[in-house]
Each structure stands twice: as structure tokens, then as C-alpha cells.
Amino acid sequence: KPREKKTVDGGDAAAADAADAAATDAEAPPAEPPLAVGDTVEARFKGGSKWFPGTLTAVRPAKTLRRDPSYDVDYDDGDQETKVRASFVRRRASLVGRLVAGVARAVGAKGKRADP
């Protein structure tokens, strides 16, 4: 007869594994909602390397599992672009998020020491 695995508290191992999985799910950060028309974003105009601020004017869902959605973007500088790949669009960071990131970079740069 196979031996039953026991946990430290006397419960069975399967119940402990289920509890661990539930705790891990509870600790996971909530997923961001999908991008929608009207969201402020940053996008790489014509797939370039620079990110430019803009607003989504259309969202095209993925037609297949292998394809990402695409977006139409009205850029803040007046340019417009249609069918922008999802990998070229990101949610624009909030002002608070940008401030926190800037402070973290400044503290990190000041905290570095040059070795003699």
C-alpha cells in the first residue's frame, strides 16, 4: 500500500499544494485591462525606435490566435497612423508612475560609487 504524504500540520500533500497554488494566485498582481478607444498611449510611429504620445481611435481585435490586435493612433503632434501592431503600442505611464521612475533613476545614479 502506498504511503500517504503528510504535511507538517498533519494534512495531506495535495491539500497543501492546492493551498499553495491559491496563495500564489492571490499574490499575483491584477492583469491590466486591454487597451480601448480613448486610452492615452505611447506608440512607435511607423515602427521606429522612438515612442510618441497619442490616443487610440480604433482597436482591431486579433483575427487569429497567432496575431495580435492592431490599433489606430492619433499622435499628440497631429500625425495619424492606422493598423499599428500591438508590440508598437504601450499604455502611457501616469504622472505618478513617471515621477516614481524618475526618482528611482536619480537615487540609483547618486548611489553608485566609482571604484578607485
Side-chain angles (χ1 to χ4, degrees):
K1 156 177 160 180
R3 290 177 19 180
E4 213 176 289
K5 290 183 181 179
K6 297 283 184 181
T7 62
V8 176
D9 65 356
D12 66 81
D17 289 344
D20 287 344
T24 300
D25 289 344
E27 295 168 5
E32 284 193 28
L35 292 172
V37 171
D39 284 353
T40 55
V41 297
E42 293 177 323
R44 292 170 42 190
F45 184 70
K46 295 191 178 183
S49 60
K50 288 186 176 183
W51 294 89
F52 296 95
T55 303
L56 293 184
T57 57
V59 177
R60 291 182 182 77
K63 292 183 180 180
T64 67
L65 292 177
R66 291 184 180 184
R67 300 185 80 174
D68 287 333
S70 65
Y71 305 96
D72 290 1
V73 180
D74 277 358
Y75 292 95
D76 291 357
D77 66 2
D79 284 329
Q80 296 178 336
E81 191 173 19
T82 60
K83 298 181 182 175
V84 180
R85 294 173 46 186
S87 59
F88 296 154
V89 178
R90 66 185 180 194
R91 194 175 305 276
R92 194 181 310 179
S94 68
L95 176 60
V96 172
R98 290 193 308 262
L99 289 173
V100 169
V103 169
R105 280 193 305 274
V107 169
K110 289 180 183 177
K112 292 183 182 179
R113 294 189 315 199
D115 290 331

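Computed from heavy atoms alone, side chains included, the values below leave out hydrogens, waters and symmetry copies.
Taken to the nearest 0.5 Å, the OG1 atom of T55 stands 14.5 Å off from the OH atom of Y71. Within the model, atoms CD of E42 and CZ of F88 stand 15.0 Å from one another, a figure rounded to the nearest 0.5 Å.
Applying the salt bridge (charged side-chain N to carboxylate O under 4.0 Å, His left out) criterion to D68, with sequence neighbours excluded, gives no partner residue.
Within 6.0 Å of the CZ atom in R85, the count of heavy atoms belonging to other residues, nucleotides or ligands does not exceed 12. Other residues, nucleotides and ligands contribute over 12 non-hydrogen atoms within 6.0 Å of the CZ atom of R91.
Among all heavy-atom pairs drawn from A43 and V73, the shortest one is CB-CG2, 4.3 Å.
The closest donor-acceptor contact from the side chain of D72 to the backbone of K83 lies under 3.5 Å. Within the 3.5 Å criterion, the main-chain N or O of V84 finds no donor-acceptor partner in the side chain of R60.
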Between side-chain atoms of residues 44-52 and protein atoms elsewhere (two or more places apart, or another chain), which donor-acceptor pairs fall under 3.5 Å?
unit_1 : atom_1 : unit_2 : atom_2 : d
R44    : NE     : G48    : O      : 2.5
R44    : NH2    : G47    : O      : 3.3
R44    : NH2    : G48    : O      : 3.3

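Here the options are V41, V59, D39, the test is side-chain contact (heavy atoms from CB on, under 4.5 Å), and the partner is V89; only V41 passes.
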